[in-house]
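For reference, the structure is listed below as structure tokens.
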Amino acid sequence: MIMDVQSTNRTDNDAPKLSNRLPVRRLDSSQPDFSNQLSTLLAFEADTDEAIDRVAAEIIADVKLRGDAALLALSNRFDRLQASSVAELEIPQAELHAALAALTPTRRHALEVAAQRVRSYHEAQKLACGSAGFSYTEADGTVLGQKVTPLDRVGLYVPGGKAAYPSSVLMNAIPAKVAGVEQVIMVVPTPDGVKNPLVLAAAALAGVDRVFTIGGAQAVAALAFGTDTIPAVDKIVGPGNAYVAAAKRRVFGVVGIDMIAGPSEILVLCDGGTNPDWVAMDLFSQAEHDELAQSILLCPDAAYLDAVQASIDKLIDTMPRRDIIRTSLTNRGALIKVRDMHEACAIANDIAAEHCEISAQDPQQWADLIRHAGALFLGRFSSESLGDYCAGPNHVLPTSRTARFSSPLGVYDFQKRSSIIHVSEQGAQSLGAVAAELAYGEGLQAHARSAEMRLTP
């Protein structure tokens, strides 16, 4: 086992009692049935429950038909409110800024630093991702290119109730504003009328234009179809519960959506040189989200896997959310022995994790081999938690192996592209002949004649 100066020495007195051991499964890539074991570990049924989907469909239909009346009735029912109109459910800008002003100096500074870092990153992303469009002129004067324009209006769903995610407000609203979206409409449920001041403060910092205290499938329907009070949007982003996810699936096509997110995931590739307590806590950081979250460690050193297991057993009872962590690690976690770091990278590409930490001495050499990951955290000091809150890159990432074909939320998700075709008279002669020939081949005579009419006799 390779241990560096960051590692801690462990004595027999430090070892947890056997009765406290958390049974994280151990796999070995050299086992003949490893591929099947890994597939079983990664398997996750993301299908929407039929009952949930049916309820979501009924709610969407009701809001689409009755608008504000349905939205008001559903909000009062599910969130135990007593509003007499949907207009009462809008939070004025003054209240958002009052929430910001009321934060403690330390909490406000942290939120402002995070917001600025997220904004700076996405401003750089905008410049680097072709947001200015492009064009080029051919020899005959024909101009071809692409025009990039922001969406007009975006809806942002923010979970409410027991959960409070100001970081999600920043991660969703700021790139939309950087992209140039004119209006961001935020919806957040407030059961029993309880508003989270940190969420409201984050909305003020991020530049959210309007905020409504509505949630659930009814909020998604209102954003998708619009009501007398809530304007229809072009795209809906942000996480929610199973009813929100079902509703987003239902309205996709009427509006765009960001993604249907699965349980949170972390994959750690370690060379055996990182403090095992650090890695154990990194695994905890995702396991505490949800019993279905997944935390996996790949390492070529069996003794190091033992050390991480010992750290897990030592630290688990210090965690307030230890019951969730235990269930997550027991049912979906794993410590996997690999032949070497090269094999670890190959397995990582198969897993295509949401968060991928490369906790190694020279992380870049291994990062160069990773093709599929939502986000890469390089080096021993790059904990995934920094990415969740304040590093700058977006924390809205593809889950459930969708990193094979999907990307983090970014400025590009709030823009659309239009092709530019400005054909010169000379260009119409050569292109017209080509188009006509292909159109006749497809049996579309009007297409062919449209091109031929512009040919010079």
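All values below were derived from every heavy atom in this structure, side-chain atoms included, with hydrogens, water molecules and symmetry-related copies excluded.
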Item checked: Close side-chain approach of E265 to S400, heavy-atom, < 4.5 Å -> yes
Next item on the list: Specify whether F377 and H355 have parallel, tilted or perpendicular ring planes, treating 30° as the upper limit for parallel and 60° as the lower limit for perpendicular.
Entry: tilted
Item checked: Distance, nearest 0.5 Å, that separates CD1 of I214 from CE of M186 -> 11.0 Å
Checklist line | Point-to-point distance, once rounded to the nearest 0.5 Å, from OG of S120 to CD of E123 | finding: 5.5 Å
Notebook entry, point to check: Is it true that the side chains of Q286 and S295 contain a donor and an acceptor less than 3.5 Å apart?
Noted result: no
Note to self: Side chains of I370 and N349, heavy atoms from C-beta outward: is any pair under 4.5 Å?
What the structure shows: yes
Notebook entry, point to check: Any side-chain heavy atom of I60 within less than 4.5 Å of one from V220?
Noted result: no
Notebook entry, point to check: Between the side chains of S131 and Q415, is a donor N or O closer than 3.5 angstrom to an acceptor N or O?
Noted result: yes
Notebook entry, point to check: Side chains of S29 and E343: donor-acceptor distance under 3.5 Å anywhere?
Noted result: yes
Checklist line | Distance in Å, E58 CD paired with D62 CG, rounded so as to fall on 0.5 Å steps | finding: 9.5 Å
Next item on the list: Report yes or no: do S385 and S383 form a side-chain donor-acceptor pair below 3.5 Å?
Entry: yes
Notebook entry, point to check: If you take all heavy atoms of D388 and S167, which pair is closest and at what distance?
Noted result: O-CB, 3.8 Å
Notebook entry, point to check: Which pairs, with at least one residue in residues 281-296 and sequence neighbours excluded, count as a salt bridge (charged side-chain N to carboxylate O under 4.0 Å, His left out)?
Noted result: none
Next item on the list: Decide if atom CD of E182 counts as having more than 12 heavy atoms of other residues, nucleotides or ligands within a radius under 6.0 Å.
Entry: no
Note to self: Any non-hydrogen side-chain atom of V237 less than 4.5 Å from a side-chain atom of D413?
What the structure shows: no
Checklist line | F225 atom CZ: more than 12 heavy-atom contacts under 6.0 Å | finding: yes
Item checked: Passing option when N172 is tested against V396, N394, V184, V154 for side chain to side chain contact (heavy atoms under 4.5 Å, CB included) -> V396
Checklist line | Minimum side-chain heavy-atom gap L315-M319 below 4.5 Å | finding: no
Checklist line | Ion pair check, D350 and R401, cut-off under 4.0 Å | finding: yes
Check: Would a 4.5 Å heavy-atom cut-off, applied to side chains only, mark T330 and V24 as touching?
Finding: no
Check: Of L72, L89, V86, which is the lone residue that meets side chain to side chain contact (heavy atoms under 4.5 Å, CB included) with T229?
Finding: V86
Item checked: Heavy-atom neighbours of F252 CZ exceed 12 at 6.0 Å -> no
Check: Charged N to carboxylate O under 4.0 angstrom, D53 versus R250?
Finding: yes
Item checked: Test: D271 and R380 ion pair at under 4.0 Å -> yes
Check: Hey, is CZ on R77 packed in by over 12 heavy atoms from elsewhere, all under 6.0 Å?
Finding: no
Item checked: salt_bridge(K314, D277) N-O dist < 4.0 Å -> yes
Item checked: Contact list for residues 89-108, test salt bridge (charged side-chain N to carboxylate O under 4.0 Å, His left out), sequence neighbours left out -> E90-R210, E95-K195, R108-E112
Next item on the list: State which residues pass ring-ring contact (aromatic ring centres under 6.0 Å, His included) with H109; sequence neighbours excluded, sorted by chain then number.
Entry: none
Checklist line | Atom pair NE2/SG of H122 and C129 - distance to nearest 0.5 Å | finding: 9.5 Å
Margin query: Is the shortest side-chain heavy-atom distance between R322 and F284 below 4.5 Å?
Written below: no
Margin query: Tell me whether K416 is salt-bridged to D234, with the criterion being a basic N under 4.0 Å from an acidic carboxylate O.
Written below: no
